[in-house]
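Written below as structure tokens is the structure these notes are about.
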Amino acid sequence: MSEAREPQGWLGGFESIETDIQAMEEFAATLANEVASGYAPHLDQVTTAMLTRVPKGNPAFPELAGFLDRHHEVQQQTFSNTFNFRDGTHHFATAAQTISAEYADTDAYAHAKVNDVTQAFTDASNPLKSEGGVDS
């Protein structure tokens, strides 16, 4: 093995990592379907409630003003996280489907590379890429 391809010292005892890609695809598709049917329908209601601005506090009460500023920051992060969960789950399911399709036979499993998996996740998270998708 060339020096560039040798595992790091802490990985020296690991020869390979085996996985059931079909099971990964099934899990990802099930999770994506659950998000689509159980999470997404409530997303508008939750995000609408989170967009409600709290009125500014009295400037003579700086502690309240500090709390309201922090509340707004947390509210914005929570808002982002609600969409990131939905979108990330879809990206995971799409990547699993791509990997499963590419390595559907036994010989291909032997040649699967980490870069292929990384690329599948990159492609799945690219909003401009028009290929692929998860079947519902």
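- Between D87 and H91, some side-chain heavy-atom pair lies under the 4.5 Å cut-off.
- Contact between V35 and P41 at its shortest, heavy atoms only, is O-CD, 4.3 Å.
- What you find for A93 and A32 is that their closest heavy atoms are CB-CB, 3.7 Å.
- Residues meeting the side-chain contact (heavy atoms from CB on, under 4.5 Å) test with V74, sequence neighbours left out: R70, T78.
- For L43, the side-chain contact (heavy atoms from CB on, under 4.5 Å) test picks out Y39, T47, T82, F83, R86, with sequence neighbours left out.
- The 12-atom threshold is exceeded at CD of E73, counting heavy atoms of other residues, nucleotides or ligands nearer than 6.0 Å.
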Query raised in the report: Which is it for F67 and F61 under the side chain to side chain contact (heavy atoms under 4.5 Å, CB included) test, yes or no, and what are the steps along the way?
Result: CA-CA 10 Å; F67 167 80; F61 191 7; over 6 Å; no
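- Atom CD of Q97 is separated from atom CD of E26 by 12.0 Å, given to the nearest 0.5 angstrom.
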